[in-house]
Structure formats: C-alpha cells, structure tokens
Amino acid sequence: NCSDPQSAQDVATKAYVDGATTGDSTIVRTSGNQTIGGTKTFSTAPIFQQDASSRSMYIDGAGNIIQFRNAASANKWEVVGRDGQFYIYKNDGTGSGTKWQIDGSGNHNFTGVVTLNSGSLTLSGTGRIQGIDTVTSGTDAANKNYVDTAVAGAGSGTFLTIANPT
C-alpha cells in the first residue's frame, strides 16, 4: 500500500488520482457530459464531430468560418464573417452554392431562389423589384414593358365604367 504523495516524485494511488481530478474543470474529459468555462485556445482548428461517417462542425483557425458538414454528401453549410461582411451559404463544392450575404451597410444579397412561405414582402422607402421576367401565368408579376404594351394595345377614347356588374 502507498500513502498520499508528498512530493512530485512520489508514487500516487488510483484513489488519490481519481479524487484529485473529480470536479476539476481544468481537465477536459473525452466522454460524458461536461461544462467548460473560460477562453480556450487551440493549436489547430477544432472539429466537433458526432461520428466519423455522419456530420461535424468545424471552426477554422482564424475564426472566420464555422462549417457544418454532412459527410454523406459534398454539401457544407458555412457561416462566414470576413472583410466587414457576413455570409451564410451552402458550399456545394463548385463555388456556386446558395448564398445570403449581409454587407457592411446592412444590405442583404441573395443568390439562388428566395421563397416566402405564408408571409409577405414589404418594400420601404424607394425599394424596387427588378429583373422580372416575361409574364407567362396569370399569377406572375408584370414588368413595365408588359404593362406598357398592354396599355398601348387597349386603344384610346371614352371608356364606359360599369358600377355594379352582375
């Protein structure tokens, strides 16, 4: 049997070591739940991984990118803060993934399709909707050229207003 160590060179028992590390927040454990506080510095970019064949979260060494990966596909979602701008985009490996960018002035820029579900779009101030294609369906927004052509084709003269059509 050993007794508790008195100097750095002394032998320690398992009970002494277990007791010395229980509840010690300076030790990062490899299993179980643990709350870690304070600032931690990593010598390489940390990768937080659920399992090797599934998904992971990666933070680059400069702190500019948080990347969420799904190993089953080439797709990665990235949150990037760089050069006074903020991006959230789907990196599909081709460099042409869907992107949402917020620039230094607070302007929002999107690539890809933007869909509003059960919502509305409100333009404040001098906002404009640009780049509207040719009308092909009754529910499409009409561009200026379409409206000008339709009005020009309506003819001129006096029009009769019908008050309560039945």
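These values consider heavy atoms only, across backbone and side chains, with no hydrogens, waters or symmetry-generated copies. Numbering starts at 1 and runs along the sequence shown.
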Of all the heavy-atom pairs spanning Asn143 and Asp133, show the shortest one and how long it is.
->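 In terms of heavy atoms, the two residues are closest at ND2-O, 3.5 Å.
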
At their closest point, which heavy atom of Thr134 faces which heavy atom of Asp140, and how far apart are they?
->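 Distance-wise, the nearest heavy atoms are O-OD2, 4.4 Å.
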
By the rule that ILVMFWY residues connect when side-chain heavy atoms come within less than 4.5 angstrom, directly or transitively, which residues belong alongside Val151?
->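 Answer for Val151: Val147.
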
Does one hydrophobic cluster hold both Ile88 and Ile102, with members joined at side-chain heavy-atom distances below 4.5 Å?
->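 Linked within one cluster.
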
Whether Phe86 and Trp100 hold their rings parallel, tilted or perpendicular, with breakpoints at 30° and 60° =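 The arrangement is perpendicular - the two ring planes meet at more than 60°.
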
Apply salt bridge (charged side-chain N to carboxylate O under 4.0 Å, His left out) to Asp148 and list each qualifying residue two or more places apart in sequence or on a separate chain.
->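 Once residues adjacent in sequence are excluded, the partners of Asp148 under the salt bridge (charged side-chain N to carboxylate O under 4.0 Å, His left out) criterion are Lys144.
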
About how many Å separate CG of Asp4 and CG of Asp10, when rounded to the nearest 0.5 Å?
->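 Spacing of CG (Asp10) from CG (Asp4) equals 10.0 Å.
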
